[in-house]
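Position 1 is the first residue of the sequence; numbering continues from there. Counting starts at 1 for both ligands and their atoms, in listed order.
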Amino acid sequence: MTVAGQAAPSDFIRDIIDEDIRTGKYGGRVHTRFPPEPNGYLHIGHAKSICLNFGIAAQYGGLCNLRFDDTNPTKEEREYVESILDAVRWLGFDWGDRLYYASDYFQQMYEYAVQLIKAGLAYVDDLNADEMREYRGTLTQPGRESPFRGRSVEENLDLFARMAAGEFPDGARVLRARIDMASPNLNLRDPVLYRILHAEHHRSGNRWCIYPMYDWAHGLEDSIERITHSICTLEFEDHRPLYDWFLEKLGVYRPQQIEFARLNLTYTVMSKRKLLQLVEGRHVSGWDDPRLPTIAGLRRRGYTPASIREFCDRIGVAKTESTIDVSLLEHCIREDLNRTAPRVMAVLNPLRVVIDNYPEDRIEEVEAVNNPEDPAAGKRKVPFSRVLYIERDDFREAPPAKFFRLAPGREVRLRYAYLITCVGVTRDPATGEITELHCTYDPATRGGDAPDGRKVKGTIHWVSAPNAMRAEVRLYDRLFTVENPGDVEEGCESVLNPKALEVVMAYLEPSLASAVPGSRYQFERLGYFCVDTRDYSAVKPVFNRTVALRDSWAKIEKQL
Ligand code: ATP
Ligand code: MG
């Protein structure tokens, strides 16, 4: 297993754990859990929680459970369970034999509820949802007690059993804790423990028609699994007194809940509900669309598990909400791929070049370095011939100052090959658009250096036309046009970036014919690309742009 948290610097959570170990609070044990609800695919925010929980367990020689918090049958699906298992595994974490489901504890939770009723601490309420809301009061006004609050233990036991037996329709009754309708903490105003829901559960089938609420269920799950530190996001801070109340009143083992600030990213939405809307509204091609911040999307986009773990380490954990610049995530994948991805040449926006003084039917091979960052990556042979493609952007008929690439009469270096000079252009007679360049090459400059030492500033990439391989290349950009799409009142759909996906037909050097789905490359001077895992076929390979080369984070970091 990958030990992501090993080198992590300390933070307030680790400080709490250190203190608990020192005082022997849990006998020195550290046992965390990652508890997703299987109601969507995991996103990069979940990765933060996964790295934190599994990372802490690894760092302290403890354990981390993977637990599905599957208490809501109407929104949960088997597909989500599979995708979550896949995502956690792919990120490099191993739950061993500790895969749990909250639904496996339904019977135990039911018995705990009976225990609370017997202690006079829970009651069956017949108020409907609207009435309950009205009785609840507000932040400034205390709530009122339900007229059903005074039911006897016997009556409550009877009604609760009949709720569970399916005697009543959905919404007819609930089981509530009897705490304090005047509590300044609204979560303590007799929260609901169970609701009636005649719905089939993806695991327990039709065994149950009452389902536990999150606050009731979550602490019990943690307690049953003897979790020591139950790490959750900040919005649960006000729920902690309730978490503690349930476990204390039941007299069972009590983990420590600790809250941290959730991850927010610029130009990204990070809620499963919103992601589901994008998927269902067909604004993206599915949960693994490379434009989404889902683990499945990032993976398909070309992100590596190591880059995501590195990102999570770098952002750390804190107690106050903040929004991380998405360029930091992009910086992490660039750093990783810069070390590991082989360089190849590809032309995305081709302009034909004919080398007039190069023999018609000759094809020679030049030697290219696979990765200057990694000498062990070796070299490869790239075919060179009379007709080439270069990037249309690398030629200007009237070059501005500081444009060192190709222009009429200019000499430029073809990477790994020869110096060439532009001697003419061919135009489309109808449109006047340049369709072809004519160049001459200097045979004495093989490898790209002039023996007379003359200076040539520009170096451009190229692909030999008769040897080139055609491929579809998908150029991804940020999915939204504004920094905080989650805050847009009209909904994030209204600020989708229409240019978030651009598809081009590209020419690639022939070595890419052997590229397998999922493999990653740097297209020299263009960015990092990977072979799509879903739409790939040998007849029509598809490459996804993971990220362009320009690193805006590195610039930001320099200014810091
Ligand atoms: P969402 O708000 O996206 O629907 P959620 O919190 O409802 O997410 P869960 O399946 O309940 O999703 O989350 C599992 C775990 O991941 C929880 O412990 C939750 O606190 C954590 N988590 C979810 N989103 C983030 C985030 N953006 N940053 C850090 N942790 C997160
Ligand atoms: Mg949730």
Side-chain angles (χ1 to χ4, degrees), residues 4 11 13 32-57 64-72 74-77 79-85 87-88 91 93 95 100-103 212-215 217-219 221-222 225 227 229-240 243 255-280 287 292-298 308-309 311-324 326 328-329 484-487 492:
D11 52 57
I13 297 180
T32 56
R33 86 286 173 262
F34 173 65
E37 186 185 345
N39 62 349
Y41 279 55
L42 297 184
H43 51 60
I44 181 83
H46 293 111
K48 174 175 178 176
S49 176
I50 293 168
C51 289
L52 186 60
N53 281 293
F54 280 95
I56 282 177
C64 181
N65 296 353
L66 177 57
R67 179 207 308 147
F68 287 102
D69 202 352
D70 56 350
T71 55
N72 186 355
T74 57
K75 290 185 176 166
E76 295 164 5
E77 287 174 28
E79 178 198 343
Y80 297 141
V81 169
E82 293 302 332
S83 75
I84 290 169
L85 293 172
V88 177
L91 277 173
F93 297 103
W95 54 86
Y100 300 112
Y101 293 85
S103 54
M213 301 301 286
Y214 179 89
D215 280 335
H218 202 83
E221 296 157 22
D222 287 343
E225 293 175 16
I227 298 303
H229 301 86
S230 173
I231 301 168
C232 62
T233 40
L234 227 46
E235 67 270 24
F236 291 104
E237 194 165 21
D238 292 344
H239 298 238
R240 182 167 10 109
Y243 182 103
Q256 177 64 52
Q257 177 179 306
I258 306 172
E259 309 85 18
F260 72 101
R262 64 194 297 117
L263 169 65
N264 302 302
L265 268 185
T266 56
Y267 298 98
T268 311
V269 291
M270 201 95 80
S271 119
K272 281 185 279 190
R273 191 177 51 79
K274 289 188 179 133
L275 295 173
L276 181 65
Q277 281 170 13
L278 292 174
V279 172
E280 288 188 330
W287 283 101
L292 289 182
T294 52
I295 308 288
L298 291 168
I308 295 176
R309 292 194 305 261
F311 170 74
C312 292
D313 275 356
R314 287 183 67 155
I315 57 176
V317 284
K319 197 84 195 164
T320 39
E321 288 282 349
S322 66
T323 300
I324 305 288
V326 70
L328 174 59
L329 178 63
N484 298 308
D487 297 347
C492 60

Would you indicate which of [options] comes nearest to [atom] when only heavy atoms are counted?
{"atom": "atom 9 (P) of ligand 1", "options": "H43, E235, R33, K272", "value": "K272"}
{"atom": "atom 8 (O) of ligand 1", "options": "H46, E259, H218", "value": "H46"}
{"atom": "atom 24 (N) of ligand 1", "options": "R273, R262, K274", "value": "R262"}

Proximal ligand 1 atoms for [X], defined as those under 4.0 Å from one of its heavy atoms:
{"X": "P36", "result": "10 (O), 14 (C)"}
{"X": "F34", "result": "14 (C), 15 (C), 16 (O)"}
{"X": "T233", "result": "20 (O), 29 (C), 30 (N), 31 (C)"}
{"X": "E37", "result": "9 (P), 10 (O)"}
{"X": "S271", "result": "3 (O)"}
{"X": "F260", "result": "29 (C), 30 (N)"}

Does any N or O in the side chain of [X] come within less than 3.5 Å of the main-chain N or O of [Y], such that one atom is a donor and the other an acceptor?
{"X": "K274", "Y": "P485", "value": "no"}
{"X": "T323", "Y": "T266", "value": "no"}
{"X": "K48", "Y": "F311", "value": "no"}

Practice prompt. I would like to know whether H218 and Y214 meet side-chain hydrogen bond (donor to acceptor under 3.5 Å, both in side chains); could you show each step before the answer?
Written response: CA-CA 6 Å; H218 202 83; Y214 179 89; 3.3 Å; yes
Worksheet entry | Polar proximity ligand 1 side, P35 side, N/O cut 3.5 Å exclusive |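 No; the residue has no nitrogen or oxygen that sits under 3.5 Å from a nitrogen or oxygen of the ligand.
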Worksheet item: With respect to R33, which candidate in D222, D69, N65 satisfies the side chain to side chain donor-acceptor pair (under 3.5 Å) definition?
Response: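 Considering D222, D69, N65, a side chain to side chain donor-acceptor pair (under 3.5 Å) with R33 is found only for D222.
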Discussion item. Is the contact between F236 and ligand 1 made by the side chain, the backbone, both, or neither, using heavy atoms and a 4.0 Å cut-off?
Written reply: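 The answer is neither; F236 stays 4.0 Å or more away.
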Worksheet item: So do the side chains of F93 and R309 get within less than 4.5 Å of each other, counting heavy atoms only?
Response: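 Side chain of F93 against side chain of R309, heavy atoms only: contact under 4.5 Å found.
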Worksheet item: Would you call I50 and I295 a side-chain contact if the rule is heavy atoms closer than 4.5 Å?
Response: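 Not in contact.
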Discussion item. Using 30° and 60° as the class boundaries, would you call the ring planes of Y41 and W287 parallel, tilted or perpendicular?
Written reply: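 Parallel.
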